Amino acid sequence: MTEGTTSAAAEGADTLTRLEQESEIAADYLEGLLDIADLDGDIDMDVEADRAAVSIISDSGGRDLNKLVGRDGEVLEALQELTRLAVHRETGDRSRLMLDIAGYRAKKRTELSELGAKAAAEVKSTGEPVKMKPMTPFERKVVHDAVKAAGLRSESEGEEPQRFVVVLPA
């Protein structure tokens, strides 16, 4: 092994350790929140695409957890930001942690991937750009990834909260 390869491997291990630490801090914070709200849920921790990922899941169908998702995921977005702030307070580093509650984001990711693929197919057949409805940063990222997988390119336009994706011909 060369010195560059060794340092790259050490850096990768350091990143994984840091992301695992973020997950632990987030899990502790969220467990406290669940206790305060008197809600049942299990916390699942992972590292996905160079991000800490934490999910709150329920064996009882998650009806109570849906309160933590809110309308269109608004409460989930707010809880994610609060959790990121809790991680930042402990580590001093900005966190890109992703939070999922009751499978909401996983389901949304599937729907948005299909929407992005459908928009890409429309652009391929018509040759005209397609403007999509305003989306959150998470939603736009999923659509951009789906469009890229379809072999096209996309851009985000507009200002928050009215920022949207435009799918462009190749």
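Computed from a prediction, not measured in an experiment: that's the story for all the values here. We're numbering straight along the sequence, starting at 1. Keep in mind that the numbers below use all heavy atoms, side chains included, and drop hydrogens, waters and symmetry copies.
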How close do [X] and [Y] get, heavy atom to heavy atom, and via which atoms?
X	Y	answer
L152	A170	CD2-N, 3.5 Å
A146	A117	CB-N, 4.1 Å
L112	V143	O-CG2, 3.9 Å
S23	A52	OG-CB, 3.4 Å
A26	L97	CB-CD1, 3.5 Å
N66	A102	OD1-CB, 4.0 Å

Check: [X] side chain, [Y] main-chain N or O, donor-acceptor pair, under 3.5 Å:
X	Y	value
T91	D93	yes
Q80	L99	yes
E139	T136	yes

Would you give the length of the straight line joining atom [atom1] of [X] to atom [atom2] of [Y], rounded to the nearest 0.5 angstrom?
X	Y	atom1	atom2	answer
D44	I57	CG	CD1	5.0 Å
L34	I101	CG	CD1	8.0 Å
D38	D64	CG	CG	9.0 Å

Below 4.5 Å, heavy atoms only, C-beta onward: do [X] and [Y] meet side chain to side chain?
X	Y	value
E20	E24	no
E160	P134	no
M135	R163	no
S154	V166	no
E90	Y29	no

May I ask whether [X] and [Y] are part of the same hydrophobic cluster, defined by side-chain heavy atoms of I, L, V, M, F, W, Y residues being less than 4.5 angstrom apart, directly or through others?
X	Y	value
L19	M45	no
L30	V87	no
L68	L82	yes
L33	Y104	yes
I25	L16	no

Could K141 and D145 be called an ion pair, given the rule that one side-chain N must be under 4.0 Å from one carboxylate O?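 The answer is yes: the pair qualifies as a salt bridge.
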May I ask you to say whether K118 pairs ionically with E114, meaning some side-chain N is under 4.0 Å from a carboxylate O?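 E114 and K118: not salt-bridged.
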Just do the side-chain contact (heavy atoms from CB on, under 4.5 Å) check on V165 and H144 with the steps written out, would you? CA-CA 8 Å; V165 173; H144 285 304; 3.9 Å; yes
Donor on one side chain, acceptor on other, S95 and H88, under 3.5 Å: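 Result is no, nothing qualifies.
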Under the side-chain hydrogen bond (donor to acceptor under 3.5 Å, both in side chains) test, which residues partner R96, sequence neighbours left out?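 Per chain and number, R96 pairs via side-chain hydrogen bond (donor to acceptor under 3.5 Å, both in side chains) with no residue.
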For the [atom1] atom on [X], are there more than 12 heavy atoms of other groups (residues, nucleotides or ligands in this structure) within a distance under 6.0 Å?
X	atom1	result
D50	CG	no
D28	CG	yes
K124	NZ	yes

Checking side-chain contact (heavy atoms from CB on, under 4.5 Å) for the pair E155/L168: CA distance, chi angles, key distance, verdict? CA-CA 8 Å; E155 298 174 350; L168 303 164; 3.6 Å; yes
Residue that, paired with E77, satisfies salt bridge (charged side-chain N to carboxylate O under 4.0 Å, His left out) out of R105, K108, R71, R84: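 Of the listed options, the one satisfying the test is R105.
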Would V54 and T83 count as a side-chain contact (heavy atoms from CB on, under 4.5 Å) here? Give the steps. CA-CA 10 Å; V54 178; T83 305; over 6 Å; no
From I56, D40, L76, residue fulfilling side chain to side chain contact (heavy atoms under 4.5 Å, CB included) relative to L65: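 Only one of I56, D40, L76 forms a side chain to side chain contact (heavy atoms under 4.5 Å, CB included) with L65, namely I56.
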Does NZ or CZ of R140 fall inside the cone over F164's six-membered ring, less than 6.0 Å from its centre and within 45° of the axis?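 No cation-pi geometry.
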side-chain contact (heavy atoms from CB on, under 4.5 Å) for V75 and V69? Distances and angles first, verdict last. CA-CA 5 Å; V75 177; V69 172; over 6 Å; no
